[in-house]
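Take a look at the structure below.
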Amino acid sequence: MRITQGTFSYLPDFTDEEITAQINYALDHGWPLSVEFTDDPHPRNIYWEMWGLPMFDLKDAAGVLLEVNACRTANPNSYIRLNAYDASLGRQTTALSFIVNRPAEEPGFRLDRAERANRQIGYTTFAYATERPSGQRYESS
């Protein structure tokens with residue numbers, strides 16, 4: 001099951017050239033970038049681990065791609081996303097966010113259904129990957 005989160009989520013994975021084009025777009029708009037990674041891409045898990053600090057002063061796409069590739073090397077079986085921030089409205093908002101790396105195998109999610117008070121039906125999303133400990137979720141079996 002392919003995880004679809006962020007901008008461009010329904011497109012095929014970007015090549016490094018296409019990622020560089022998006023980095024240039026963000027830098028042309030004055031948006032600083034950051035790299036984040038996780039092994040738990042649950043839709044409600046919005047706080048991923050940061051790879052270094054946000055790159056507020058970086059103006060070169062090659063430097064951002066260097067950080068993306070360093071994160072890929074250190075976390076080859078993790079989801080990695082690139083975020084661009086826009087502070088033009090007086091607050092830091094995410095202007096662009098997309099996945100730049102994913103594990104070779106994405107096990108997907110299970111939907112648990114439960115009856116609650118007053119005959120209401122509730123659903124809970126459970127990631128199959130979380131059946132294994134953190135750091136071992138996407139290793140080959």
Side-chain angles (χ1 to χ4, degrees), residues 1-61 63-141:
M1 177 181 169
R2 181 180 167 83
I3 300 296
T4 54
Q5 294 182 17
T7 315
F8 317 119
S9 64
Y10 292 95
L11 295 176
D13 291 337
F14 281 176
T15 63
D16 282 356
E17 292 79 24
E18 293 168 325
I19 293 170
T20 302
Q22 295 305 318
I23 292 170
N24 281 324
Y25 179 83
L27 293 175
D28 289 347
H29 284 82
W31 300 339
L33 294 124
S34 72
V35 179
E36 297 177 337
F37 64 97
T38 189
D39 63 355
D40 180 16
H42 189 284
R44 291 189 177 162
N45 178 16
I46 58 171
Y47 299 111
W48 292 18
E49 298 291 327
M50 289 192 71
W51 177 261
L53 297 172
M55 296 169 261
F56 290 106
D57 296 331
L58 203 55
K59 303 295 181 206
D60 182 20
V64 177
L65 192 61
L66 184 71
E67 289 300 315
V68 168
N69 287 330
C71 188
R72 284 176 175 164
T73 301
N75 304 287
N77 293 318
S78 292
Y79 291 90
I80 301 172
R81 73 178 171 200
L82 188 61
N83 301 308
Y85 302 104
D86 182 7
S88 64
L89 299 175
R91 58 189 176 275
Q92 201 73 7
T93 58
T94 304
L96 180 68
S97 178
F98 60 100
I99 294 175
V100 295
N101 191 73
R102 56 183 71 238
E105 178 190 346
E106 298 181 78
F109 292 88
R110 177 182 79 229
L111 191 64
D112 290 342
R113 176 183 163 159
E115 189 169 332
R116 298 187 177 148
N118 298 322
R119 298 180 55 99
Q120 291 181 341
I121 303 296
Y123 297 92
T124 303
T125 306
F126 179 82
Y128 289 121
T130 58
E131 293 174 349
R132 300 178 82 182
S134 181
Q136 299 175 6
R137 293 182 176 156
Y138 295 99
E139 292 178 0
S140 58
S141 301

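Given the structure is predicted, the values throughout are model-derived calculations rather than measurements. These numbers come from the heavy atoms of this one structure, side chains and all, not from hydrogens, waters or symmetry mates.
Listed by chain and number, the residues in a side chain to side chain donor-acceptor pair (under 3.5 Å) with Trp51 are Glu67 (sequence neighbours excluded). Evaluation of the ring pair (Phe, Tyr, Trp, His ring centres under 6.0 Å) rule for Phe98 yields Phe8, Phe14 as partners, not counting sequence neighbours. Partners of Asp112 according to the salt bridge (charged side-chain N to carboxylate O under 4.0 Å, His left out) rule, which considers only residues two or more places apart in sequence or in another chain, are Arg110. Applying the side chain to side chain donor-acceptor pair (under 3.5 Å) criterion to Asp60, with sequence neighbours excluded, gives no partner residue.
The distance from the OG atom of Ser97 to the CG atom of Leu33 is 10.5 Å, given to the nearest 0.5 Å. Interatomic distance, Thr94 OG1 to Tyr85 OH, rounded to the nearest 0.5 Å: 5.5 Å. Atom OG1 of Thr7 and atom CG of Leu96 lie 4.5 Å apart (nearest 0.5 Å).
Side-chain polar atoms of Asp39 and Ser78 form no donor-acceptor pair below 3.5 angstrom.
Here the side chain of Arg72 pairs a donor or acceptor atom with the backbone of Val100 at under 3.5 angstrom. The main-chain N or O of Tyr79 is never found under 3.5 Å from a side-chain atom of Thr38 such that the two would form a donor-acceptor pair. Between the Asp86 side chain and the Ser88 main chain, a donor and an acceptor come within less than 3.5 Å of each other.
Here the closest heavy-atom approach between residue Met50 and residue Ser34 is recorded as CE-CB, 4.3 Å.
Among pairs with a residue in residues 27-38, those fulfilling salt bridge (charged side-chain N to carboxylate O under 4.0 Å, His left out) read Glu36-Arg81, at least two apart in sequence or across chains.
Ile121 CD1: more than 12 foreign heavy atoms inside a 6.0 Å radius.
Of the residues listed (Ile99, Asn69, Asn101), the one engaging Ile80 in a side chain to side chain contact (heavy atoms under 4.5 Å, CB included) is Asn101, and it is the only one.
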May I have the list of side-chain donor-acceptor pairs in residues 18-27 shorter than 3.5 Å, sequence neighbours left out?
from, atom 1, to, atom 2, distance (Å)
Glu18, OE1, Thr15, N, 2.9
Glu18, OE1, Thr15, OG1, 3.4
Thr20, OG1, Asp16, O, 2.8
Asn24, ND2, Thr20, O, 3.3

